[in-house]
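The analysis underlying the following values was restricted to heavy atoms, covering all of them including side chains, and did not include hydrogens, waters or symmetry mates. Only a predicted model underlies this, so the values are computations on that prediction, with no experimental measurement involved.
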Amino acid sequence: MNKYNIFVDLSADMTIDFAKENDICFIPMEYSLGADFRTANYLESDKDLITFYNSQRNGDLTKTTQITPFFYEEFFKEYLDKGIDILYLPLSSGLSKTYESALLAKNNLLEEYPNAKIEIVDSLAATGGIGILTEKAVEFRNNGLTIEEASLKLCELTKKIRHWFLVSDLNYLKRGGRVSATTAFIGTALKITPILEINKKGKLDTIAKKRGVKMAANQLVEYYKQYHDENENSIYICHSDNEEIALYVKEKLLEYNPNLDIKITYLSPIIGAHTGPGMVSICTLGK
């Protein structure tokens, strides 16, 4: 059985300890903060991320760039030259073209490396959802599954990943075309907090609106109670510098089930560039 490494891009969120212990390979992604272009780093400290979100609060615009097929080819060659096969969980195809770019790169690479194995699994996920899929990928690899077997199992699991998240700043949804300028203005004035999910096609849907962040946070917990898989206890709470509400959500989840394995992580700049500061999400496996 050939050795294979597990790859994610910087849209994924997971704990640094887990990533280090399991040799998770991160593919760089670029973003802009004001006039500066930067490369996201999964080892960024909470202090660096707080600075990023404070810059957003101060008016700095943020954007992200796509990973090109050429970049994938050059990045993967370093591993293929060593005989290491590739299992990659990219950002959802419903949110980005990275999956499509990775497939193009795969086809080109297999012409040069015909004996290599490259599995690209459309995560239909982002942030902590990819983190949960990565945990499963590590489990499959540790249990001796081949790269093909792991890929098939992960494809099935992508249908079960659930993301629910609240957004505090409607202006970022407005810039991304998710809400109109009028909705953003009225919602901000009335302190409306929208709740969104990544649907089963890997795209964003607005599913509820609550008056105030605490009510929205309570609704996130209610969605978890209604739709979670009772056989799974791993949860990611990811937030863009909103630790108070993240801890509140954790407290409510533990009241419901004290045995849950809850990880709280800062949202990477790649997703945070589009949600703005104050976002809080629950990512888990659903029924």
Please tell me if the side chains of Gln56 and Pro277 come closer than 4.5 Å, counting only heavy atoms from C-beta onward. yes
Measure the spacing between OG of Ser168 and CD1 of Ile245 and express it to the nearest 0.5 Å. 7.5 Å
Tell me whether Lys225 at atom NZ has more than 12 heavy atoms from other residues, nucleotides or ligands lying less than 6.0 Å away. yes
Among Lys160, Lys287, Lys159, exactly one meets salt bridge (charged side-chain N to carboxylate O under 4.0 Å, His left out) together with Asp229. Which residue is that? Lys160
Could you tell me whether the side chain of Glu197 reaches within less than 4.5 Å of the side chain of Arg162, counting heavy atoms only? yes
Kindly indicate whether the side chain of Leu124, heavy atoms from C-beta on, has any atom under 4.5 Å from the side chain of Ile198. no
Are any of the side-chain heavy atoms of Val167 and Thr193 separated by less than 4.5 Å? no
Electrostatic pair Asp261:Lys263 at N-O distance under 4.0 angstrom: yes
Side-chain donor/acceptor of Lys106 to backbone N/O of Ile118, under 3.5 Å: yes
Leu267 backbone acceptor or donor facing Ser240 side chain under 3.5 Å: no
Tell me whether Val280 is reachable from Leu196 by hopping between hydrophobic residues (I, L, V, M, F, W, Y) whose side-chain heavy atoms are closer than 4.5 Å. no
For the pair Ser55 (side chain) and Asp60 (backbone), establish whether a donor and an acceptor sit closer than 3.5 Å, ignoring hydrogens and angles. no
Flag if over 12 foreign heavy atoms under 6.0 Å of NZ, Lys77: yes
Looking only at atom types and distance, does a side-chain atom of Ser123 sit under 3.5 Å from a main-chain N or O of Leu89, one as donor and one as acceptor? no
Find the distance between CZ (Phe76) and CD1 (Ile86) and round it off to the nearest 0.5 Å. 5.0 Å
Closest approach of Gly278 and Leu166, non-hydrogen atoms and distance? O-CD1, 3.7 Å
Taking C-beta and beyond as the side chain, do Val121 and Leu133 meet within less than 4.5 Å on heavy atoms? no
So does Tyr227 have more than 12 non-hydrogen atoms from other groups sitting under 6.0 Å from OH? no
Counting distance only, does the side-chain N/O of Tyr53 pair as donor-acceptor with the main-chain N or O of Asn242 below 3.5 Å? no
Evaluate the criterion side-chain contact (heavy atoms from CB on, under 4.5 Å) for residue pair Ile270 and Asp9; output intermediate values, then yes/no. CA-CA 10 Å; Ile270 299 303; Asp9 52 54; over 6 Å; no
Could you check whether atom CD of Glu255 has more than 12 heavy atoms from other residues, nucleotides or ligands sitting under 6.0 Å from it? yes
Side chains of Glu135 and Tyr236: does their closest heavy-atom pair fall under 4.5 Å? yes
Quick one: do Phe70 and Leu109 end up in the same hydrophobic cluster if we chain Ile, Leu, Val, Met, Phe, Trp and Tyr together by side-chain heavy atoms under 4.5 Å apart? no
Under 3.5 Å: donor-acceptor pair, side chain of Asn199, backbone of Lys201: yes
Side-chain ion pair, Lys153 and Glu139, N-O less than 4.0 Å: no
Using the six-membered ring wherever Trp is involved, compare the ring planes of Phe75 and Phe71 and label them parallel, tilted or perpendicular (cut-offs 30° and 60°). parallel
After noting the C-alpha distance and the side-chain angles of Glu30 and Leu10, does the key distance pass the side-chain contact (heavy atoms from CB on, under 4.5 Å) rule? CA-CA 9 Å; Glu30 290 188 336; Leu10 265 297; over 6 Å; no
Kindly indicate, with the supporting measurements, whether the criterion side-chain contact (heavy atoms from CB on, under 4.5 Å) is fulfilled by Phe52 and Tyr31. CA-CA 11 Å; Phe52 171 82; Tyr31 65 94; 3.6 Å; yes
Quick one: do the Ser93 and Glu100 side chains pair a donor with an acceptor below 3.5 Å? no
N/O donor-acceptor pair under 3.5 Å between Thr51 side chain and Lys47 backbone: yes
How are the rings of Trp164 and Tyr223 set to each other: parallel, tilted or perpendicular (split at 30° and 60°)? parallel
Measuring only between side-chain heavy atoms, which start at C-beta, is Thr65 closer than 4.5 Å to Met29? no
Once you round to the nearest 0.5 Å, how far does CD1 of Ile84 lie from CG of Asn5? 4.5 Å
Asp17-Thr15 side chain donor-acceptor pair, cut-off 3.5 Å: no
Determine whether Ile161 and Phe18 fall in the same hydrophobic cluster, where Ile, Leu, Val, Met, Phe, Trp and Tyr are linked whenever their side-chain heavy atoms lie under 4.5 Å apart. yes
Please name the residue in the list Tyr79, Tyr72, Phe7 that meets the ring-ring contact (aromatic ring centres under 6.0 Å, His included) test with Tyr88. Tyr72
Can you pull out every salt bridge (charged side-chain N to carboxylate O under 4.0 Å, His left out) where at least one residue sits in residues 231-250? Sequence neighbours excluded, please. Arg57-Asp241, Lys136-Glu232
Are the side chain of Glu149 and the backbone of Thr146 linked by a donor-acceptor contact shorter than 3.5 Å? yes
Shared ILVMFWY cluster between Leu145 and Leu87, side chains joined below 4.5 angstrom? yes
Flag yes if Ile67 and Phe26 sit in one hydrophobic cluster, no otherwise; membership is Ile, Leu, Val, Met, Phe, Trp, Tyr, and two members link when side-chain heavy atoms are under 4.5 Å apart. yes
Do the side chain of Asp13 and the main chain of Gly131 share a donor and acceptor less than 3.5 angstrom apart? no
Can you give me the closest heavy-atom contact between Val8 and Met14, atom names plus distance? CG2-CE, 4.1 Å
Just do the side-chain contact (heavy atoms from CB on, under 4.5 Å) check on Ile271 and Leu91 with the steps written out, would you? CA-CA 10 Å; Ile271 303 299; Leu91 178 61; 4.2 Å; yes
Tyr256: what forms a side chain to side chain donor-acceptor pair (under 3.5 Å) with it, not counting sequence neighbours? none
Test your reading of the model: is there a side-chain donor-acceptor pair from Thr284 to the backbone of Ser234, 3.5 Å cut-off? yes
For the residue pair His274 and Thr64, establish whether any side-chain heavy-atom pair is separated by less than 4.5 Å. yes
